[in-house]
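Here's the structure, in structure tokens; my notes come after.
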Amino acid sequence: MNVSPPVTRQELLDRAKSIAGLTIQQLANKSNACIPESTTHAKGWFGNLLELSLGANAASAPEPDFVNLGIELKSIPIDDNGKPKESTYICVTQLDPVALSSWESSLVKCKLTEVLWVPFEANKNTPVPLRRIGSPVLWQANQAQEKQLKDDWQELCDMIVLGDIDKISSSMGKYLQIRPKAAHSKCLTKDKNQSGENTLTLPRGFYLRPAFTYSIISQANH
DNA sequence: GCGTGATCATAA
DNA sequence: TTATGATCACGC
């Protein structure tokens, strides 16, 4: 099945609503997709199926999934209580001071301008095909949320620009955190900070803490 | 290696 | 039980 990109945000939301309540098995059938027995070696599998099902541009580029709408698609695993099981990956942490000069032009803000969150059951005791898809939430940060994200981002980026990236801990940041994002811990990328010569460091990414994503997806019940 | 999609596995 | 640090798969 080849799904064309949605033309309007309402169309996108309608499509997401139409798959809410389905099991992963039912959604996979629509796309003639095979379900992995375990997600251990297919970590991004559901996210990819969701993109396919909703008509996202399958490009692996640092831009929103629905470029024409400026909307990012995120699947989010929840437990029996509806709480996120994991933090949510946003994007890589750029190490170029120029790219980090302002929140307004940051990759993080770009990705989080508007997000379609699609929760799904991820209880270990439930076989993958029987897990159900939840109600989608189309979200934009309110003023308080954006301020906190910006503050976290600014604090973390200040450290990167100053050459203190190795001092950054995942425990920093209230909503936003920086953690490793690589194939393995031996990966290296160039770190061109203000302190002088270029060094190599482990690639990292920005993540949203579960407490924050929970406040977002529970908006649906407010 | 970089960027996409993320979850795994173990220490705290 | 939770969160940090590490890792899996894929296209290019």
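The sequence lines fix the lettering, A, B, ..., with proteins before strands; numbering per chain opens at 1. Note: hydrogens, waters and symmetry copies are ignored here, and every other heavy atom, side chains too, is used.
At least one side-chain nitrogen or oxygen of H41(A) sits closer than 4.0 Å to the OP1 or OP2 atom of dA9(C). Look at Y89(A) and you won't find any side-chain N or O under 4.0 angstrom from OP1 or OP2 of dG5(B). Remark: S170(A) is not in phosphate contact with dA3(C), judged by side-chain N or O atoms under 4.0 Å from OP1 or OP2.
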**Item:** Criterion side chain to side chain contact (heavy atoms under 4.5 Å, CB included) on K181(A) and Y207(A), from CA distance to verdict
**Value:** CA-CA 10 Å; K181(A) 170 62 172 174; Y207(A) 294 79; 3.9 Å; yes

**Request:** Show your working on salt bridge (charged side-chain N to carboxylate O under 4.0 Å, His left out) between D96(A) and K190(A) and close with a plain yes or no.
**Result:** CA-CA 9 Å; D96(A) 185 342; K190(A) 285 181 186 173; over 6 Å; no

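Each of R209(A) and K43(A) has a nearest nucleotide on DNA chain C; the 5'-most of these lies closest to R209(A).
The listed nucleotides are dG5(B), dC8(C), dG1(B); the one nearest the side chain of K181(A) is dG5(B). Side-chain proximity of S185(A) to the nucleotides dA9(C), dG5(B), dT7(C) is greatest for dT7(C). When the nucleotides dC8(B), dT4(B), dA6(C) are ranked by their closest atom to the side chain of P180(A), dA6(C) comes out on top. Distance from the side chain of T40(A) is smallest to dA9(B) among dA9(B), dG5(C), dG5(B). Set against dT4(B), dT7(B), dC2(B), the side chain of T39(A) has dT7(B) as its closest nucleotide. Candidate nucleotides dT7(B), dC2(B), dT4(B) were compared by shortest atom distance to the side chain of T189(A), and dC2(B) ranks first.
F120(A) comes within contact range of the sugar-phosphate backbone alone, with a heavy-atom separation under 4.0 Å but no base atom that close. As judged by a 4.0 angstrom heavy-atom cut-off over every strand, K111(A) is placed among residues touching the sugar-phosphate backbone only. Backbone-only engagement by P77(A) is indicated by non-hydrogen atom pairs under 4.0 Å involving sugar-phosphate atoms exclusively.
In this structure, CZ of R131(A) is placed 11 Å from C1' of dT7(B), rounded to the nearest angstrom. The distance from atom CD1 of I90(A) to atom P of dT4(B) is 11 Å, rounded to the nearest whole Å. In this entry the distance linking CD of E51(A) with P of dC10(C) reads 15 Å, nearest Å. Atom CG of L49(A) is separated from atom P of dT7(B) by 13 Å (rounded to the nearest Å). Residue K192(A) contributes atom NZ, which lies 11 Å from atom P of dC2(B) at whole-angstrom precision. What separates CD1 of I78(A) from P of dA6(B) is a distance of 15 Å, to the nearest Å.
Judged by distance alone with a 3.5 Å cut-off, no donor-acceptor contact links the side chain of Y207(A) to the base of dA3(C). Applying the 3.5 Å distance criterion, the base of dG1(B) shares no donor-acceptor pair with the side chain of K186(A).
A distance-only check finds a donor-acceptor pair linking the side chain of Q177(A) to the backbone of S170(A) [under 3.5 Å].
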